[in-house]
K.L.:
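Dumping the structure here so I can ask a few things about it.
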Amino acid sequence: QVQLIESGGGLVQAGGSLRLSCAATGLTFSSYVMGWFRQAPGKEREFAAAISGNGGSTNYADSVKGRFTVSRDNAKNTVFLQMNVLKPEDTAVYYCAASLLADLVPRLRTTAGTYNYWGQGTQVTISS
């Protein structure tokens with residue numbers, strides 16, 4: 001059974017930083033693109049960042065580019081999202097997700113429907 005468990009969310013002031021982690025079990029981790037999506041209240045889930053199975057390539061939404069960094073440790077089956085210079089508009093539930101197909105078709109990394117498995121989400125709240 002595949003499980004993705006996020007951690008690291010919390011409440012920080014604008015301009016601060018957080019580091020999210022997502023630990024995966026039950027899958028061949030290095031075969032999967034790992035993505036981070038977020039969903040703010042009243043809004044649709046949106047793509048934030050993704051990293052290829054071998055960690056060699058990354059993708060970012062324009063809204064987070066230059067502030068967020070996605071990385072992974074395949075030895076520990078864990079993906080990270082380092083979030084710096086946080087803004088109130090970054091407030092959302094953050095989800096990690098795993099996609100087998102997106103590692104084969106990179107253009108699909110930003111599409112939520114491509115992802116096979118999802119975590120339960122972790123709340124990130126940025127105060128102004």
Side-chain angles (χ1 to χ4, degrees):
Q1 181 180 357
V2 175
Q3 283 193 313
L4 303 178
I5 301 176
E6 302 98 335
S7 60
L11 171 64
V12 298
Q13 289 188 330
S17 298
L18 280 174
R19 189 191 196 206
L20 305 183
S21 299
C22 172
T25 58
L27 74 172
T28 305
F29 187 68
S30 61
S31 296
Y32 286 76
V33 161
M34 296 303 295
W36 287 97
F37 289 76
R38 64 187 187 179
Q39 187 167 18
K43 295 188 177 181
E44 293 187 355
R45 190 171 298 189
E46 65 174 9
F47 169 78
I51 186 167
S52 63
N54 64 8
S57 67
T58 56
N59 303 81
Y60 296 96
D62 288 342
S63 58
V64 308
K65 200 171 293 183
R67 300 187 298 121
F68 290 12
T69 302
V70 60
S71 61
R72 66 192 295 159
D73 183 342
N74 283 352
K76 296 183 177 180
N77 284 12
T78 303
V79 62
F80 306 98
L81 185 67
Q82 177 67 43
M83 305 186 295
N84 298 328
V85 195
L86 284 161
K87 305 175 182 180
E89 51 264 42
D90 294 319
T91 295
V93 177
Y94 283 71
Y95 299 89
C96 74
S99 173
L100 188 61
L101 181 62
D103 210 39
L104 304 174
V105 186
R107 62 179 172 84
L108 298 179
R109 290 179 192 173
T110 62
T111 304
T114 301
Y115 288 77
N116 309 92
Y117 305 106
W118 292 82
Q120 81 288 351
T122 186
Q123 177 69 48
V124 171
T125 304
I126 312 303
S127 63
S128 56

K.L.:
Would you say Val79 and Val2 are hydrophobically clustered, going by side-chain heavy atoms of ILVMFWY under 4.5 Å?
P.N.:
yes
K.L.:
In the single-linkage hydrophobic clustering (I, L, V, M, F, W, Y; side-chain heavy atoms under 4.5 Å), do Leu108 and Trp36 co-cluster?
P.N.:
no
K.L.:
Please check if Tyr95 and Ile51 belong to a single hydrophobic cluster, counting links between Ile, Leu, Val, Met, Phe, Trp and Tyr side chain heavy atoms closer than 4.5 Å.
P.N.:
no
K.L.:
Quick one: CG on Leu101 to CG on Asn116, what's the gap to the nearest 0.5 Å?
P.N.:
8.0 Å
K.L.:
Within the distance-only criterion (no hydrogens, no angle test), does the side chain of Arg72 pair as donor or acceptor with the backbone N or O of Gly55 below 3.5 angstrom?
P.N.:
no
K.L.:
Return yes if some donor-acceptor pair links the side-chain N/O of Glu6 with the main-chain N/O of Cys96 below 3.5 Å, else return no.
P.N.:
yes
K.L.:
List the residues meeting side chain to side chain donor-acceptor pair (under 3.5 Å) with Thr58, not counting sequence neighbours, and say none if there are none.
P.N.:
none
K.L.:
Is Met34 linked to Phe80 within one hydrophobic cluster, defined over Ile, Leu, Val, Met, Phe, Trp and Tyr using a side-chain heavy-atom separation of less than 4.5 Å?
P.N.:
no
K.L.:
Please find the pair of heavy atoms, one from Ala50 and one from Tyr115, that lie closest to each other, and give the distance.
P.N.:
CB-OH, 3.7 Å
K.L.:
Looking only at heavy atoms, what is the nearest atom pair of Tyr94 and Met83, with distance?
P.N.:
CE2-SD, 3.8 Å
K.L.:
Applying the side chain to side chain contact (heavy atoms under 4.5 Å, CB included) criterion to Phe47, which one of Val64, Thr110, Thr111 satisfies it?
P.N.:
Thr110
K.L.:
Is Lys65 paired with Asp62 through a side-chain N to carboxylate O contact shorter than 4.0 Å?
P.N.:
yes
K.L.:
Of the non-hydrogen atoms in Leu4 and Gln120, which two are nearest, and what is the gap between them?
P.N.:
O-OE1, 3.4 Å
K.L.:
Evaluate the criterion side chain to side chain contact (heavy atoms under 4.5 Å, CB included) for residue pair Ser7 and Thr122; output intermediate values, then yes/no.
P.N.:
CA-CA 6 Å; Ser7 60; Thr122 186; 5.9 Å; no
K.L.:
Work out which heavy atom in Arg38 is nearest to a heavy atom in Asp90; give both atom names and the distance.
P.N.:
NH1-OD1, 2.9 Å
K.L.:
Quick one: CD1 on Ile126 to CD on Glu89, what's the gap to the nearest 0.5 Å?
P.N.:
9.5 Å
K.L.:
Which donor-acceptor pairs under 3.5 Å do the side chains of residues 17-27 make with protein atoms, sequence neighbours left out?
P.N.:
unit_1: Ser17; atom_1: OG; unit_2: Asn84; atom_2: OD1; d: 2.9

K.L.:
Over 60° means perpendicular and under 30° means parallel, so classify the ring planes of Tyr117 and Tyr32, tilted if in between.
P.N.:
tilted
K.L.:
Would you compute the distance between atom CZ of Arg109 and atom CG of Asn59 and round it to the nearest 0.5 angstrom?
P.N.:
5.0 Å
K.L.:
Group every Ile, Leu, Val, Met, Phe, Trp and Tyr by side-chain heavy-atom contacts under 4.5 Å, then state whether Phe29 and Val33 land in the same group.
P.N.:
no
K.L.:
To check you understand the geometry: which heavy-atom pair defines the closest contact between Asn74 and Asn77, and what is its length?
P.N.:
O-OD1, 3.1 Å
K.L.:
Which heavy atom of Gln123 sits nearest to which heavy atom of Val93, and what is that distance?
P.N.:
OE1-CG2, 3.2 Å
